[in-house]
Amino acid sequence: MNFKILKSSSNTKARITEFTLPHGKILTPIFMPVGTNGSVKAVKHKTLSDSGINLILSNTYHLYLRPGSDIIKKAGGLHNFISWQHNILTDSGGFQIFSLAPFRKITKDRIKFRSHIDGSYHTLTPEDVIELQRVFKSDILMPLDVCTAPDTEYKKAVNAMKITHDWAARSIEYWKRYKQEWGGQLFGIVQGNFYKDLRKESAEYISSLDFPGIAIGGLSVGEPFDIFKDFLEYTAGLIDKSKPHYLMGIGTPEYIIEAIENGIDMFDCVYPTRIARNGTLFTWNGKIAIKKENFAEEFKPIEEKCSCFACKNYSRAFIRHLFKTNEILGPMLATEHNLTFINDLISEIRSSIETDTFMDFKKRFLGSYGSN
RNA sequence: UCCCCUGUAGCUCAGCCGGUAGAGCGGGUGGCUGUUAACCACUAGGUCGGCAGUUCGAGUCUGUCCGGGGGAG
């Protein structure tokens, strides 16, 4: 994978790194848009690649249920199936089974659950989940893990962590048998809920295994921002620094900045794309809800400093009109804009790390963006 | 001039045999963080055209005036 740290901030843990995946080189920090079903909702693949995005996230659980791995196998893998020749990280689906399955039972060696689509019964082992991602030919694979809610009692958190660790070891063993086939990289996931001793144990254990990258899971699951920051800082400080760091499921500009400050290299989130579809847009002066009446006659772009297609061609008034009339173009333009905004934010952050002025940038950004 | 229909929230309209009003849209607010989400939740607006009757009680019945729409001449 050839992981290299290109630049480190002197007064924070922020860093610029690069590594190579089967479908091209990754420069971090990087935000991965979420395309659960192989499509980032409301945007074409070309729109993504044109704006420099070369790593998206898909979901093993969703793709396993629909269309099923047989079809993806017949298509020649996920890249061919969805017609995306850049990198794909596939999440395992542990989080989905945790968050949405109406029925689930986790035992020591497998997970049983019912489909959210038709209620059908399914069983997956950690090996099955790696096998699915092998069929997909994912560039980054994630192992099945057990995610827990913030209010989970200690004993249950311990149990979930132990199962996660056991499955991590099994996943890596299975992956090692086949990884040469296509070069996909398996990341480990740190759990431990909101207990520092468990976070420490998990970070150390996952770091001790032979994963090419380390992910932090189980954060940003409903806890207050201060708790998130506390556990992020604590956990990120304990993972192997010679590997890429991936914080799962964030976020907003504030969360992203916090993550980068703590040495996180990669993150993914539905937030920018989902709020876009729901009519909320990022600007350097904070978010705006474009459907509000006060934008009805604003003939300027969403964000003057933005170079996205929406900002180059359309006014706030028109985009509001698209949303009010329920035109599909509204969510499309909004999504493109929000992804561009996050990309621009991250490239500014990268520049600030280059010049070792990350904290100055953070202060300046939050000063104008606000902390909403 | 006569006849019929009609006047209820910003808009379009519901309100059975009378018991002090609702919806959709629009407005406002909040939410969305390893996607079951172009979604969800909450909220503000009405002396029911005016006046006078009947009635214990009228948006609902009666009279009349005013404003719309249609028809006949």
Side-chain angles (χ1 to χ4, degrees), chain A residues 31-43 55-63 65-66 88-102 113-119 129 138 140-148 150 164 187-191 213 215-225 228 232 246-259 264 266-282 287 289-296 319-336 338 342 372:
Chain A
F31 175 77
M32 304 177 277
V34 178
T36 303
N37 295 303
S39 161
V40 177
K41 295 184 196 299
V43 286
L55 174 57
I56 63 172
L57 181 145
S58 286
N59 192 279
T60 305
Y61 166 86
H62 286 278
L63 293 170
L65 290 177
R66 248 181 350 201
I88 304 173
L89 179 153
T90 44
D91 187 21
S92 64
F95 185 81
Q96 280 61 46
I97 292 161
F98 148 77
S99 67
L100 63 80
F113 63 95
R114 294 183 65 180
S115 160
H116 69 279
I117 300 162
D118 61 8
V129 171
S138 304
I140 297 177
L141 298 73
M142 300 303 295
L144 194 61
D145 66 330
V146 183
C147 190
T148 49
T164 297
F187 279 34
I189 304 176
V190 174
Q191 287 290 347
I216 297 173
L219 290 185
S220 190
V221 286
E223 76 282 8
F225 188 53
F228 163 82
L232 167 63
Y246 166 26
L247 177 59
M248 308 183 79
I250 61 110
T252 66
E254 303 95 311
Y255 276 69
I256 287 171
I257 288 170
E258 207 58 39
I264 300 298
M266 309 159 65
F267 22 82
D268 74 282
C269 194
V270 303
Y271 191 84
T273 49
R274 181 182 289 168
I275 66 169
R277 272 175 279 122
N278 293 338
T280 299
L281 305 168
F282 292 127
K287 293 178 294 184
I290 199 68
K291 291 188 231 181
K292 289 187 192 299
E293 198 173 30
N294 55 300
F295 297 115
I319 293 168
R320 170 179 190 272
H321 170 252
L322 292 174
F323 270 96
K324 297 311 292 183
T325 51
N326 212 19
E327 286 290 339
I328 190 72
L329 185 59
M332 289 168 68
L333 294 174
T335 301
E336 188 171 352
N338 275 2
I342 295 293
N372 50 349

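Letters A, B, ... are given to chains in the order of the sequence lines, protein chains preceding strands, and every chain is numbered from 1.
Judged by atom type and distance alone, A:E293 does not reach the base of B:G10 through any side-chain donor-acceptor pair under 3.5 Å.
Counting any heavy atom pair closer than 4.0 Å across all strands shown, A:L89 reaches no nucleic acid atom. Across all strands shown, A:E223 has no heavy atoms under 4.0 Å from either base or sugar-phosphate atoms. Counting non-hydrogen atoms under 4.0 angstrom, A:N59 reaches the backbone sugars and phosphates but no base. In this structure, A:G93 reaches neither bases nor backbone, as no heavy-atom distance under 4.0 Å exists between it and the strands shown. A:K324 comes within contact range of the sugar-phosphate backbone alone, with a heavy-atom separation under 4.0 Å but no base atom that close.
Pair assignment for B:U62 gives B:A52, based on Watson-Crick or G-U wobble hydrogen-bonding distances that are each under 3.5 Å. With a cut-off of 3.5 Å on both pairing distances, the Watson-Crick or G-U wobble partner of B:C13 is B:G22. As the counterpart of B:C39, B:G31 is assigned, both hydrogen-bonding distances of the Watson-Crick or G-U wobble pattern falling under 3.5 Å.
When the C1' atom is compared between B:G68 and B:G18, the two are found 27 Å apart, to the nearest whole Å.
When all heavy atoms of A:C269 and A:G251 are compared, the pair lying nearest together is CB-N, 3.1 Å.
Between A:Y255 and A:F225, the ring planes are tilted. Angles from 30° to 60° get that label.
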Listing time: all N or O pairs from protein to nucleotides 29-31 of chain B that are below 3.5 Å?
unit_1 : atom_1 : unit_2 : atom_2 : d
B:U29  : OP2    : A:K292 : NZ     : 2.3

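Dashed line: the shortest gap from a side-chain N or O of A:R274 to OP1 or OP2 of B:U33 is under 4.0 Å.
The glycosidic torsion of B:G45 lies within 90° of 0, placing the base in the syn range.
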